[in-house]
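Each chain gets a letter, A, B and so on, in the order the sequences are listed, and its residues count up from 1.
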Protein chains: 2
Amino acid sequence: MAPHDDLPIVSPRKSRAVDVAREAGVSTATVSRSFNEPDKVLPKVRERVMEAARKVGWLPHAAGSALARQRTLLVGTIIPTLRSGIFANFVAGLQERLGEEGITLLVSVSGNDPSKALAEARVMLSRGAEALSLVGQAYPEELFDLLSARSVPHVITHEFCGDGKHPSVGLDNREAFVTVTQHLLALGHRKFGLIMPDPKNNNRVAERIGGVLETLSDHGIAINAEHQITGEWSPQMGYDAAVGILNRMPPTAIICGNDQIAIGVLAAARARGFHVPGDLSVTGFDDDPVSEHIFPSLTSARTDNTLMGSLAAECLLDQLAGRQAKSQKLTLLFAERQSTSRPAKTDLNLDPQ
Amino acid sequence: MAPHDDLPIVSPRKSRAVDVAREAGVSTATVSRSFNEPDKVLPKVRERVMEAARKVGWLPHAAGSALARQRTLLVGTIIPTLRSGIFANFVAGLQERLGEEGITLLVSVSGNDPSKALAEARVMLSRGAEALSLVGQAYPEELFDLLSARSVPHVITHEFCGDGKHPSVGLDNREAFVTVTQHLLALGHRKFGLIMPDPKNNNRVAERIGGVLETLSDHGIAINAEHQITGEWSPQMGYDAAVGILNRMPPTAIICGNDQIAIGVLAAARARGFHVPGDLSVTGFDDDPVSEHIFPSLTSARTDNTLMGSLAAECLLDQLAGRQAKSQKLTLLFAERQSTSRPAKTDLNLDPQ
DNA sequence: TTGTAGGCGTTATCAG
DNA sequence: CTGATAACGCCTACAA
């Protein structure tokens, strides 16, 4: 007999329920019950099982469990990006609430590409996701076909859909930017610039832009084409866009799609010698935690994204439990700060240079 | 015979490989091969299988597959929070790289609580995660026992561990803050404030603080206890801390644990009539995208967190493939901006009020 | 209260 | 190249 040939040399086969059962002198049924329905097992026996499980280092294997139970306790979310506080907070809220119910969240990123989103949805369903949370509803019809064919509960977020076609949790994007626009109109502004993220494949941004333009149009105001810029957003993009806008016939107010863009705009204004808010009012969106502390502090508006996440979780949990899904329209929190004021020269738009 | 009783009323049983097989007139083995080893199936047959799969709306079920294949294609990451660009970018980089290999990432959040982290690790192993990515190494020994007992590949991130106890991908946190401190020393500062996140359960922050204090100590400088503040960070926390620090015997430079804190400090300086950098130099960390565009722009330093994510993924993939894990020390990108300069009055610290 | 045994959906092996 | 069949690990009737 070779020395040590009764010792496992490498990677001893992972233990299974049957190993625990043997160790504890019970059946696998009792092992399973000890973990899943503790009350149905004699305390003394349960103790023995737990001890045995610890000893052999056993953890129940979710794949086997999922198969037998026909339940994965998995929920998926598809978001455009994680690189934005909006979605990071949303996912955090979603995960926190689902975690309380023992559900694991699958996160995937689509980059606003509808076909990527469809592919990710397939992966999630294949992994057994029992429900899906989707940002907006701009997806191939096939995605929703997939969901309804399997009757997979889902919720649309970051957008409140009044039509009730899908359960949704979010704000009214149009209304939000109507509010921002009206704030500036009320201050007396009549000449506007608009810098927004790319509305392509992003209905939420399209709605926001629509809200601004329509509100202005109601007041007989149109935005000069050169004063209306969209693109991949960043502070730098905001800076560049603003430099262009301020170059000739500058407006007295620039509405920005988010705070990052707006901070770039503030920098551009400074560089070009425009005083904010004296010469130029600027609004952001999303109310980044820093926006209150920069100079000038930034007028912005936001919705509670963590709350949106937990409400979306609640909505999915309701559906999974066979309850009615509740759609929720989130309120807008508007913060007026230093970056907006009455325009210095109400009707004239003189180049301050 | 009741009407329609041949029509499925609700939730027709989800289709399985056998349904596809029947529809295509082949065996389940061929269905499986068509999806997993297409080359081993006659193109014509494969076509038929794919068409049948589409027709019955079949997606392979990962749980069954995992059981049979003994492979879940799941990897887990445990991070302190998603509410920080650092970790959001890291996770994005990790996910992007793993996704290329068909691996799904499980994300969970521990809030810097070691026991929560241990619990999350258990969940992930139970779900069949084949490898784990962990932030730092401040975890109960039990966690690492768990991993080594099952020989689960893992990587430590956001910290470079020279000891080689675990594969790691990250920056040298001590060195990073030595760099920042030396920048200020070189400018002529001799009196410092320090505002950092809570170092409790966070060895990375502890290292950073150590780097600052040690470097100063090497120059015979100590930080007044009242000028040294830690806590749950936010711009507001930075503001409050700075107000306290500037109140009496203010330093000429304040080193901040991150840009969010630093932006609060800039606001406090402004409120108290301190000119930055004339009266006070301020440094941040992480180099938030807005830090370059605010006023005054913020001297900061960072590492590429997306890169760290993809390198961590690479490290895990190497181990999963039986290759040697490569630890990587990331470089620090230092950006000197407007918020730091020589102190106005080199040796005197006069209250500017 | 506990044990027995069949089945969850897929894949790997081996024979044809 | 394709098919039959035995796992994979667990749970849950049902029986004892």
Novice: Tell me the interatomic distance from B:Leu73, atom CG, to C:dT11, atom P, rounded to whole angstroms.
Specialist: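 After rounding, the reported distance stands at 11 Å.
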Novice: For A:Glu101, does the CD atom sit with more than 12 other heavy atoms under 6.0 Å from it, leaving out its own atoms?
Specialist: yes
Novice: If you look at every heavy atom in A:Gln328 and A:Leu311, which pair is closest and at what distance?
Specialist: NE2-CD2, 3.7 Å
Novice: Rounded to the nearest 0.5 Å, what separation is found between the CD atom of A:Glu159 and the CG atom of A:Asn203?
Specialist: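 Here the interatomic distance stands at 5.0 Å.
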Novice: Any chance you could measure A:Glu23, atom CD, to A:Arg54, atom CZ, to the nearest 0.5 Å?
Specialist: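 The distance works out to 12.0 Å.
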Novice: Output all residues satisfying side-chain hydrogen bond (donor to acceptor under 3.5 Å, both in side chains) with B:Thr306, sequence neighbours left out; order by chain, then residue number.
Specialist: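 Expected list: A:Arg83.
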Novice: Working to the nearest 0.5 angstrom, can you tell me the gap between B:Ile156 CD1 and B:Leu132 CG?
Specialist: 9.5 Å
Novice: In whole Å, what is the span from the CG atom of A:Asp19 to the C1' atom of D:dC8?
Specialist: 14 Å
Novice: If I take atom CG in residue A:Leu42 and atom C1' in nucleotide C:dG3, what distance separates them, rounded to the nearest angstrom?
Specialist: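 Checked: the CG to C1' distance equals 15 Å.
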Novice: Kindly state each residue pair satisfying ring pair (Phe, Tyr, Trp, His ring centres under 6.0 Å) with at least one member in residues 30-54 of chain B, sequence neighbours excluded.
Specialist: B:Phe35-B:Trp58
Novice: Based on the rotation axes of five pairs at each end, what angle does the helix from C:dT1-D:dA16 to C:dG16-D:dC1 bend through, to 10°?
Specialist: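 End-to-end axis angle for the helix from C:dT1-D:dA16 to C:dG16-D:dC1: 30°, rounded to 10°.
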Novice: Ignoring hydrogens and angles, tell me if any N or O in the side chain of A:Ser310 forms a donor-acceptor pair with the backbone of A:Gly93 under 3.5 Å.
Specialist: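 Here the side-chain-to-backbone pair does not exist.
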Novice: Once you apply a heavy-atom cut-off of 4.0 Å, does B:Val18 come out as touching a base, just sugar-phosphate, or nothing?
Specialist: nothing
Novice: Near DNA chain C, counting only heavy atoms under 4.0 Å, which residues of residues 43-51 of chain B show up?
Specialist: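 Under 4.0 Å from DNA chain C: no residue of residues 43-51 of chain B.
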Novice: What residues from residues 54-72 of chain A pass a heavy-atom cutoff of under 4.0 Å to DNA chain D?
Specialist: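 Under 4.0 Å from DNA chain D: A:Trp58, A:Leu59, A:Pro60, A:His61, A:Gly64, A:Ser65, A:Leu67, A:Ala68, A:Arg69.
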Novice: At a heavy-atom distance below 4.0 Å, what parts of residues 26-39 of chain B sit against DNA chain D?
Specialist: B:Val26, B:Ser27, B:Ala29, B:Thr30, B:Arg33, B:Asp39
Novice: Give a yes or no on whether B:Glu100 atom CD has more than 12 heavy-atom contacts from other residues, nucleotides or ligands under 6.0 Å away.
Specialist: yes
Novice: CG/B:Leu316 to CZ/B:Arg97 distance, rounded to the nearest 0.5 angstrom?
Specialist: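 It comes to 11.0 Å.
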Novice: Measure from the side-chain N and O atoms of B:Ser126 to the backbone N and O of B:Arg122, and report whether any donor-acceptor pair falls under 3.5 Å.
Specialist: no
Novice: Rounded to the nearest angstrom, tell me the gap between atom CZ in B:Arg16 and atom P in C:dT11.
Specialist: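 Going from B:Arg16 (CZ) to C:dT11 (P), I get 14 Å.
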Novice: In Å, rounded to the nearest 0.5 Å, how long is the span from OG1 of B:Thr157 to CD1 of B:Ile79?
Specialist: 9.5 Å
Novice: Nearest 0.5 Å, what's the NE2-CD distance between A:His166 and A:Gln137?
Specialist: 5.5 Å
